[in-house]
Structures are given as structure tokens and as C-alpha cells.
Amino acid sequence: MNPFYRKIFPPLHLSRPRLPGRKVFLAALAAFLLVLVLALRAQESQAAKGAPSRAGEWQYDYVIAGARIVDGTGSPWLVGDIAVRGDKIAAMGDLHDAPAKKRIDASGLIVTPGFIDVQGQSEFSVLVDNRVASKIMQGVTTEITGEGTSIAPVNERMLKESAEQARKYGVALDWHSLEEYFQHFTRIHPAINLGTFFGAGGIRNYVVGEDNRPATPEELERMKQLAAQAMEQGAFGVSSALEYVPDVFASTDEIVELAKVAHRYGGVYFTHQRSESDRIKQSLDEVFAISERAAIPATIWHLKTAYKENWGQMPEVLRRIEQARERGVNVAASVYPYTRASNGLTACFPSWVAEGGPDKMIARLKDPAQRERIRKQMDEATDQWENEWRGSGGPSGVQLIQVLNPELAKYEGMTFDEIGHAMGKDPRDAAMDITITDHGNSSVVIAIMDEADVRAAVSNRLVTFGSDSQGQAEDGPLSKTKAHPRAFGTFARVLAKYVREEHAMGLEEAVRKMTSLAASRVGILDRGILRPGMMADITVLDFAAIQDVARYTDSLHYATGVRDVFVNGRPVVLEGKITEERPGLALRGPGYLGARK
């Protein structure tokens, strides 16, 4: 026995007076237990220092040392070390003696949970370029996708409509269900994690098509069956994009029925709400009603008060969300930190133009009488549809950024004022002709928001972040078109502009909104906080150097300041360079049946 323990517990045969037998036993037992506890603590301390568990094996794969740890909870930063073993965070604290395969000196740097993009759009582009480079280079480790029309479920007609894009990029459309898509996703070995909602509009398109009519009771039942299947295959919930065809044709009741299915499996509801401009109050009321009637948490994507006549209303919109929460509605929002949005060019036309699908739309655009009607409506104020053309200030506020047809590439980066001049025609006709030639696949950037409104939303405690963009790159197949800068800079811009430069919120609060708040809104349980046992999605950044570099006229540039990025314990970015590691996983929602097998 250690001499220290002898001083506390002298040998029983030397003690006087001699204790009765039962007391002797109890005293001996107490001594034994104390020694055992101290020995176990010593063993735990040695393990925390990283002693090899077996001869020749390191205790940890990586130790990120000396960082300012911002853990994602909103708590003040502290200096410490983080150890990674396998795909999980194994230990945190003072690990200066811990043996590891690789030690990373993060002195003077910030370490955070990997950022969660709650409105990524990379479900197809990741199949083209599995790096998802513009996202990981700004610290994003997880994307949640599926706005309105998700990658699955799809039928043969819907796959046929995507065939032109798939052929261009060499992607095999070999899935119909979400489970089949995830199998494809896993085979391409992505750099990031990806989860998805099932899209209410996609399911409507699958069953009803793109016609402006209510679903029949039989069709609604089929839609609910598809929703249940998607939830059982791993969807995190239901989404809607109620401004666009075919979602715009869905009633509130229809969305509630699909949301009830998602709720039954523990899912959530995310929405591009029906109006972000003149009818925003009524639109918010619809979001609250869906949440209440389906008893489901709701999150409003890319919250905004669009078009000049609505600028300045963001504080009131945020108050309405707070008031809804006070009466028990579980509602929150996300934003991207820019004053310009991005959509398909077809969103600049009245909703009726796209009714029935691409072929019917193109026929309308070719018809002289219909074209005249479209031109007239594009310039009119209306509460019947979200007029993005007029809301952008007309053709000078609409910039073409992506086309599928290479013959149109020369117009990328130009506004429709400039394109109309180059074509020698009315900018509205130029927009319709490009839509015809590109078969409805063109994308635009639109100038519709005010900076003061954006700042108010970015800094609100209930608001997380989503890029609303697919991952792109400075090189490779996804570098051949322009982009909205948010694809490259959303998370870096929040930290650089709104935290470091404008002090609209503190660093810890911004990171909380990018990580644990995002995870909680989606329903992700094992990411978003730095704690032992959590999945090792980790971002290491230089706060003084973090910066969004992409601009509207020169967009294909990675953010600066992110040094290292770990996904599931493996580095996809080291020393500012993309590695060969591709450890991303398909993330499954709470209803996933595979987890129960």
C-alpha cells in the first residue's frame, strides 16, 4: 500500500483498540473503495493525455492544440485542445502531452463546430463535383437540401425533364426514391454530409403534375403515401416553395396534410413562404397556421422583405415571429447575408406561364398574343404573383448568371438591359427568348432587398443561415458558369462583415446560429456542438483573415481565412488546401426505418 494511504488507514492488525468484526470489514471495504476510485481517476487522467491503448497504437488521430474554442452553444470562448479519434470528438481540455498521429497547432485561431448550411442546393451538383468546394472552403461541413422540389421521390416524367442537365455533366439518373438517391450519393464519396427534406411541390408534381388545380382525395392520399415513404427513407421533414410552380397551386390544407405526415415521424417543416413582399403578413399567418395545425416546428427560409415599397418592414416581421413564439408556435427563420436574391429566370414571368411544365411554357412564350400579355404583366404591380422582374426595378436589376445552352454563355454576367441592347430587342423579349433557347434552365440574380433589413435579420437570435446555392468551384465542371456570391461566401461574410466589422453580434452568437441553432431547427442530434462523443465536424479559422471574396461581377472565388475543415473526423481542408479526403455521409431524419433494422 502507498505510504500516503497508510497514514490515513493504518494496517488493521496494528490498530488499537481492536475493532469488532463487522466494523473491521466496513473499514477495510472503505479503504479498498477509496483506493479503487483514485486508481480509476489516475487511469482516466492517463487516457486523457493520450496514452496508447495498445502497444504501437496512438490514442488519438488528431489533436487540434491551443485554439480559442467557440463550442457552438453561445458560451464564451476558452483556450484548449480537441482530440479526434475515428469519426468523433474523443476529448477536450489540456491535452498537451497527448500522443496523436498528427498534432495541429491552432494557437491564435478559432475552432468551431462545422457550419451547417440549412438551405444548400448541392444535391445534384455534388454528383458532378464531390468536393463541394465553395462550401468546404468557407467551413461548411453539412448541407440540408430539398427546397419545394427535392431530389426524390421522382418518376420517369420528372427524370426526363432533368435529362438535359444530367447529360451535360455526365450524371446517371439512376434513382426514383430517396433511398436510391442516397445510394448514389454514397457511391460518389462526397466531401460533405448531406440531408434533405421531401418537397411538397415535388410530390405534387409526381402525382398531380404542374397543373393549377386541387388534388383529388385519391391524389392527396397517394401524396401522403409518398411522404411517409420519404420520411422512412431518411427525410428530415417536409419543405415547400409556395411562390413557384407547382407549389403555388397547393392550398394551405394540402400542405398541412403533408406536414402532419412529417410530424408523425418526428420531422419538421421548412418553407419558402408564399409571399416575401406585398402579402408578407398574410404569408406569415399561413406559416404559423401550418405549424399550429400540424403541430410541427416551422422555419422560414431566406427571410426577407422584398421590393423597395416593403423595405424597412423587417423589424415588424421579426416581431410577428417573436409574438407567434410567445403564443406557442415553434417558428424561426434563416437568411443569407446579401441584398440580392437568385432564382430561375422563369420566376420573372407570371406564374401561369410555367403551368403544365416546360413544353407548355415554351409554347406560350412562342405565341405572339401570349408574349404581349406576358410583357404587359411583367411591368404591372400585382398581388396575384410575386413579380420579381418589376420588384428588381426592371431589366437593370436582373442579371443572367447561369445557362445550360453553351450558345448563351456570352450573356452570362450581363443584366437584361445589356442583353436586350446586345440582341437589339426589348429586354422582356430577350428574357423570353433566352428561356426558350435554354428550355427554362437559366438562372438570374435579382436586386430586391435593403441592407438595413438584411442586417436586422442576420443578427436576430432566432435566425440561422443558408446559402440557397449549390456548391461550385474555381476549377472543374462547375466553374464554367457564373454564380451568386453566396455560393462561395455566405458564412465567411457573416463573420467578416456582421461580426468583425460591424459588430452586429458577437462571435460566439454568430457561431451558435451557424451550428447548434441550425442543427436544432433541422433535427440533427450529433453535430453542431463541440463535445466529446459528438461527430467530429470541425472548422478551424483565422478570425482576422476570414473574408468573402466573391462578387456579383466576379463570383468564382473561395472565401479566405478558413484553414482546416474536418468532416466525420477526417480533414477535407488542411492549411487552406482541399485534400483528397471524401468522408461525407448521407444524414437521415428521425423516421428512418434503416436505423431500426
Side-chain angles (χ1 to χ4, degrees), residues 50 58 60-72 77 79-92 95-96 98-117 129-142 189-193 471-476 478-479 487-496 500 507 511 514-515 530 535-550 556-584:
W58 296 106
Y60 302 126
D61 297 318
Y62 297 91
V63 169
I64 303 169
R68 278 196 287 166
I69 298 173
V70 181
D71 67 5
W77 62 264
V79 174
D81 309 326
I82 300 175
V84 174
R85 182 170 55 238
D87 58 2
K88 291 184 173 62
I89 297 171
M92 295 174 62
L95 306 171
H96 69 276
K101 291 180 182 177
K102 182 176 178 64
R103 294 185 67 86
I104 296 174
D105 182 5
S107 302
L109 302 179
I110 303 293
V111 176
T112 74
F115 303 145
I116 299 173
D117 186 340
D129 184 342
N130 67 357
R131 298 174 300 170
V132 200
S134 67
K135 299 298 183 72
I136 62 174
M137 288 296 287
Q138 55 180 308
V140 172
T141 57
T142 294
H189 300 292
I192 66 167
N193 307 307
Q472 292 187 241
E474 291 181 346
D475 60 349
L478 297 177
S479 67
F488 287 79
T490 290
F491 293 83
R493 183 174 177 82
V494 169
L495 294 174
R500 188 183 66 221
L507 173 63
V511 171
M514 294 175 173
T515 57
L530 296 177
M535 298 297 290
D537 289 356
I538 301 170
T539 292
V540 182
L541 61 91
D542 182 344
F543 183 58
I546 193 77
Q547 188 66 57
D548 58 308
V549 179
L556 303 184
H557 296 288
Y558 299 134
T560 62
V562 171
R563 199 190 71 171
D564 308 312
V565 180
F566 287 77
V567 175
N568 300 312
R570 291 159 59 187
V572 297
V573 178
L574 271 181
E575 299 291 340
K577 304 294 184 184
I578 298 174
T579 73
E580 297 300 317
E581 296 279 8
R582 301 291 181 267

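Positions are given from 1, in the same order as the sequence printed here.
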Asker: Any side-chain heavy-atom pair from D564 and L574 closer than 4.5 angstrom?
Answerer: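 When only atoms from C-beta onward are counted, L574 and D564 do touch, with a gap below 4.5 Å.
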Asker: Where the side chain of Q472 meets the backbone of L478, is there a donor-acceptor pair that is under 3.5 Å apart?
Answerer: yes
Asker: Distance from D81 atom CG to M92 atom CE, nearest 0.5 Å?
Answerer: 9.5 Å
Asker: Determine yes or no for a side-chain-to-main-chain donor-acceptor pair under 3.5 angstrom, with N568 supplying the side chain and P583 the backbone.
Answerer: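 Pair found, side chain donor or acceptor close to backbone of P583.
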Asker: What do the steps show when you test F566 against I104 for side chain to side chain contact (heavy atoms under 4.5 Å, CB included), and what is the final call?
Answerer: CA-CA 12 Å; F566 287 77; I104 296 174; 3.5 Å; yes
Asker: Among L530, V70, L541, find the residue that satisfies the side chain to side chain contact (heavy atoms under 4.5 Å, CB included) test when tested with V111.
Answerer: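 Filter result, single survivor: L530.
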Asker: What are the two closest non-hydrogen atoms of M137 and V562, and how far apart are they?
Answerer: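 Result for this residue pair: O-CB, 3.5 Å.
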Asker: Checking the side chain of R500 only, and the main-chain atoms of I546 only, is there a donor and an acceptor separated by less than 3.5 Å?
Answerer: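 Here the side-chain-to-backbone pair exists.
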Asker: What residues, two or more places apart in sequence or in another chain, satisfy salt bridge (Lys or Arg N to Asp or Glu O under 4.0 Å) together with D542?
Answerer: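 In terms of salt bridge (Lys or Arg N to Asp or Glu O under 4.0 Å), with neighbours along the sequence ignored, D542 is linked to no residue.
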Asker: Compare every heavy atom of R131 with every heavy atom of I136, then report the nearest pair and how far apart it is.
Answerer: CD1-O, 3.5 Å
Asker: Taking all heavy atoms of F491 and all of Q138, pick out the closest pair and write down the distance.
Answerer: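 Looking at all heavy atoms of both residues, the closest pair is N-OE1, 2.8 Å.
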Asker: If you measure from CG on L495 to CD1 on I110, what distance do you get to the nearest 0.5 Å?
Answerer: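 Reported to 0.5 Å precision, the distance equals 9.5 Å.
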Asker: Mark yes or no for whether Y558, through its side chain, and A133, through its backbone, hold a donor-acceptor pair below 3.5 Å.
Answerer: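 Judged by distance alone, no pair lies under 3.5 Å.
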Asker: So which atom in F488 and which in A473 form the shortest heavy-atom distance, rounded to 0.1 Å?
Answerer: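 Distance-wise, the nearest heavy atoms are CZ-N, 3.8 Å.
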Asker: In Å and rounded to the nearest 0.5 Å, what is the OG1 to CD1 distance from T141 to I192?
Answerer: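 That separation rounds to 8.5 Å.
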Asker: Just how far is it from atom CD1 of I538 to atom CD1 of I82, taken to the nearest 0.5 Å?
Answerer: 5.0 Å
Asker: Is the side chain of N193 donor-acceptor paired with the backbone N or O of G584 at a distance under 3.5 Å, no angle test?
Answerer: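 Not a single qualifying donor-acceptor pair exists.
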Asker: Please round to the nearest 0.5 Å and tell me the distance separating atom NZ of K88 and atom CE of M535.
Answerer: 5.0 Å
Asker: Between T515 and G114, what is the shortest heavy-atom contact and its length?
Answerer: CG2-O, 3.7 Å
Asker: Calculate, to the nearest 0.5 Å, the distance between atoms CG and CZ belonging to D87 and R570 respectively.
Answerer: 10.0 Å
Asker: If you take all heavy atoms of A536 and V84, which pair is closest and at what distance?
Answerer: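 Closest approach of A536 to V84, heavy atoms only: CB-CG1, 3.9 Å.
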Asker: If we ignore hydrogens and angles and just use 3.5 Å, is the side chain of D537 paired with the main-chain N or O of V567 as donor and acceptor?
Answerer: no
Asker: Say whether, by atom type as modelled, one donor and one acceptor occur between the side chain of N130 and the main chain of H189 under 3.5 angstrom.
Answerer: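 Answer holds: yes.
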